[in-house]
Amino acid sequence: MGDRVVTLNSDMFIAKPSESLGQLARHFDLDTHMERISAVASTDLFNHNSKNGEAFTAVNRTEAAAMGRSIHAEEIDKVEQWARVIATNRTIAMELPNPLLRS
């Protein structure tokens with residue numbers, strides 16, 4: 001994929017919004033100061049549920065994701081198995097290279 005394409009893990013984005021936005025700004029060569037990025041990351045956009053407006057944290061997201069995985073485990077397992085077969089047959093890495101942030 002080269003250096004032009006980066007990936008951003010959603011858990012990392014939720015856990016580190018300022019750092020994620022800062023790295024995105026640098027990747028796209030945007031002239032944005034860290035103070036502005038931090039201000040954006042602290043808005044309702046990052047700490048409220050967009051569906052109902054209630055307060056929302058990384059912990060809430062983790063809990064909601066775990067509940068969703070539990071409810072839909074059978075379907076998720078089938079899709080994951082299918083994706084692994086396709087990836088293996090086409091020599092596609094399941095973990096994409098060039099993460100924007102490393103854990």
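All heavy atoms count here, side chains included; hydrogens, waters and symmetry mates do not.
- Rounded to the nearest 0.5 Å, atoms CD (Glu19) and OG (Ser38) are 10.5 Å apart.
- Phe13 approaches Ser20 most closely through the heavy-atom pair CD1-CB, 3.3 Å.
- Under a 3.5 Å cut-off, the side chain of His27 and the backbone N or O of Arg4 do form a donor-acceptor pair.
- Closest heavy-atom contact between Ile76 and Gly68: CD1-O, 4.3 Å.
- Transitive grouping of hydrophobic side chains (ILVMFWY, heavy atoms separated by less than 4.5 Å) brings Phe28 and Leu21 into a common cluster.
- Residues Gln81 and Asp77 fail the side-chain proximity criterion, which asks for heavy atoms closer than 4.5 Å.
- Here the NE2 atom belonging to His48 is positioned 9.0 Å from the CD atom belonging to Glu54, to the nearest 0.5 angstrom.
- Interatomic distance, Arg102 CZ to Met12 CE, rounded to the nearest 0.5 Å: 10.0 Å.
- The line from NZ of Lys16 to CG of Leu101 is 6.5 Å long, rounded to the nearest 0.5 Å.
- Linking ILVMFWY side-chain heavy atoms closer than 4.5 Å, directly or via other members, places Leu24 and Leu45 in a single hydrophobic cluster.
- Separation of atoms CD1 (Ile86) and CE (Met94) is listed at 10.5 Å; rounding is to 0.5 Å.
- In the hydrophobic clustering of ILVMFWY residues, with side-chain heavy atoms under 4.5 Å counting as a link, Met34 and Leu8 come out together.
- Taking all atoms of both residues into account, the shortest heavy-atom contact from Pro97 to Thr7 is O-OG1, 3.9 Å.
- Cluster annotation: Ile14 is not connected to Phe56 through the hydrophobic network of ILVMFWY side chains, with a link wherever side-chain heavy atoms come within less than 4.5 Å.
- Looking at Arg61 and Asp11, their side chains come closer than 4.5 Å, going by heavy atoms from C-beta outward.
- Here the side chain of Ser70 pairs no donor or acceptor atom with the backbone of Ala66 at under 3.5 angstrom.
- Of all heavy-atom pairs between Thr32 and Ala25, the closest is CB-CB, 4.3 Å.
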Given the rule in the side chain to side chain contact (heavy atoms under 4.5 Å, CB included) test, do Glu75 and Lys78 qualify, once you have shown the distances and angles that lead to the verdict?
CA-CA 5 Å; Glu75 292 84 1; Lys78 288 176 184 176; 5.7 Å; no
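- Rounding to the nearest 0.5 Å gives a distance of 12.0 Å between OG of Ser18 and CD of Gln23.
- For Leu100 against Val6, the heavy-atom pair with the smallest separation is CD1-CG2, 3.9 Å.
- Annotation for Ala39 and Ser42: closest pair O-OG, 3.0 Å, computed over non-hydrogen atoms.
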